[in-house]
Amino acid sequence: MAKLSVKDLDVRGRRVLVRVDYNVPMEDKGGPMVINDETRIRETLPTLKLLIEKGARLILAAHLGRPKGQREPSMSLRPVATRLQALLGQPVHFVEECVGDRAEAAANALPPGGVLLLENVRYHNEEEANDPAFAARLARLGDVYVNDAFGAAHRAHASTEGAARVIAKNGGRCAAGLLMERELRFLGEELEKPARPFVVILGGAKVSDKINVIDRLLDKADAILIGGGMTYTFRLALGHKVGKSISEPDKVEIAKAALQKAKDRGVKFLLATDNIIATPVDTGRLNKKGKPVFDLTDPRINASSDIPDDSEGLDIGPESIRTYREVILTARTILWNGPMGVFEDKRFAEGTFAVARAVVEATEKNGAKSIIGGGDSVKALNNAGLGDKVTFMSTGGGASLEFLEGKILPGVAVLDEQ
Ligand code: 3PG
Ligand code: MG
């Protein structure tokens, strides 16, 4: 059922508590923390501008990092307020608290069309605990609630869930923001009855992270192309040797069941037939976490489904790239989540970048609808300079995976129906 939209709210002169996901990557460069990727901030602008136009008073709540109830200065949202002010082209007030007298005074002082960003809600342990008293304190800041934080909607926290309940109990409406609506449309409705062929590309390290998504998509997809570390657990399931590749021997039975389901349902389920492998050599050094550091030496193509004992698979190989591209170019709908290899290292990046190019080619030449399910695949597309050439890129990581698994997201469930 469709959720109430921010478009349909009457908010003139009213205080709107807007949950946004400003959990952006930041870097310490000596002075104030520097924002490395402002996508999540930009993506909220349509909702914010709409509310400003409607004459609402905007109180923005967000988290940054995982400060675990501590006032960790490197996780302050102040640099985000500065950035947002430039992007919006109007003042963005910032208050160093998210609840209490100062926050309330700042909210109440806002003129219609004014914007206030609250400090990191996770400076309080009560946020993640969804503490009812804390949720009620947050709710004192708004007459109406809007959730535009799709990326945090899988969390039942005070700012994503509890405060909305309180505002609803006080008679206020709870609506989805425009970004939230787009996310639900592309990751939800568009994939319910996809134009066929529907091709799914799944990567990432672990079968255990993706098995629920795989299982659900086996009901819908025409083809599933597998890449990344989870390839090797599937290889084990098929009786192959994986050498030193990342794999989960205890997930082999689950992998077998997925392979069987694909067969039963006639879903084309492809594993890479060749890989880029390398031989890890212990450097004798330890990393920050005290783990041994390995050099990945002698990167080379392994044109076999078995990997030598001393080596590990780190990317899909050229033959697999060709096959995957061909399948991708048949698609009318594409869903991609997870890289094909260790793309942060350029020796093992070609598989992921080649898939990115194929997805863009299918979109541009064939009019395929391409939906990128957040996290590392978004990073890879942006690194390849192709971010604006697909139909939709999710701002969610964990949230998009849980949503694709078919889970109910608490931050969505709490919103009013239309
Ligand atoms: C994210 O970046 O995944 C979201 O902002 C949620 O953050 P969390 O995983 O720390 O809850
Ligand atoms: Mg997360």
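Just so you know, ligand 1 is whichever comes first in the structure, and atom 1 is the first atom listed for that ligand.
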Can you confirm whether Ser76 sits close enough to Met33 that some side-chain heavy atom of one is under 4.5 Å from a side-chain heavy atom of the other? no
Donor-acceptor contact present, side-chain Glu161 to main-chain Asn130, <3.5 Å: no
Those atoms of ligand 1 less than 4.0 Å from some heavy atom in Arg155: 8 (P), 9 (O), 11 (O)
Which ligand 1 atoms does Asp21 reach within 4.0 Å, using its non-hydrogen atoms? 4 (C), 5 (O)
Can you tell me if Gly151 has a non-hydrogen atom under 4.0 Å from ligand 1? yes
Using 30° and 60° as the class boundaries, would you call the ring planes of Phe343 and Phe353 parallel, tilted or perpendicular? perpendicular
Counting heavy atoms only, which of Arg66, Arg122, His63, Arg40 comes nearest to atom 3 (O) of ligand 1? Arg40
Does some side-chain heavy atom of Val414 sit less than 4.5 Å from a side-chain heavy atom of Asn147? no
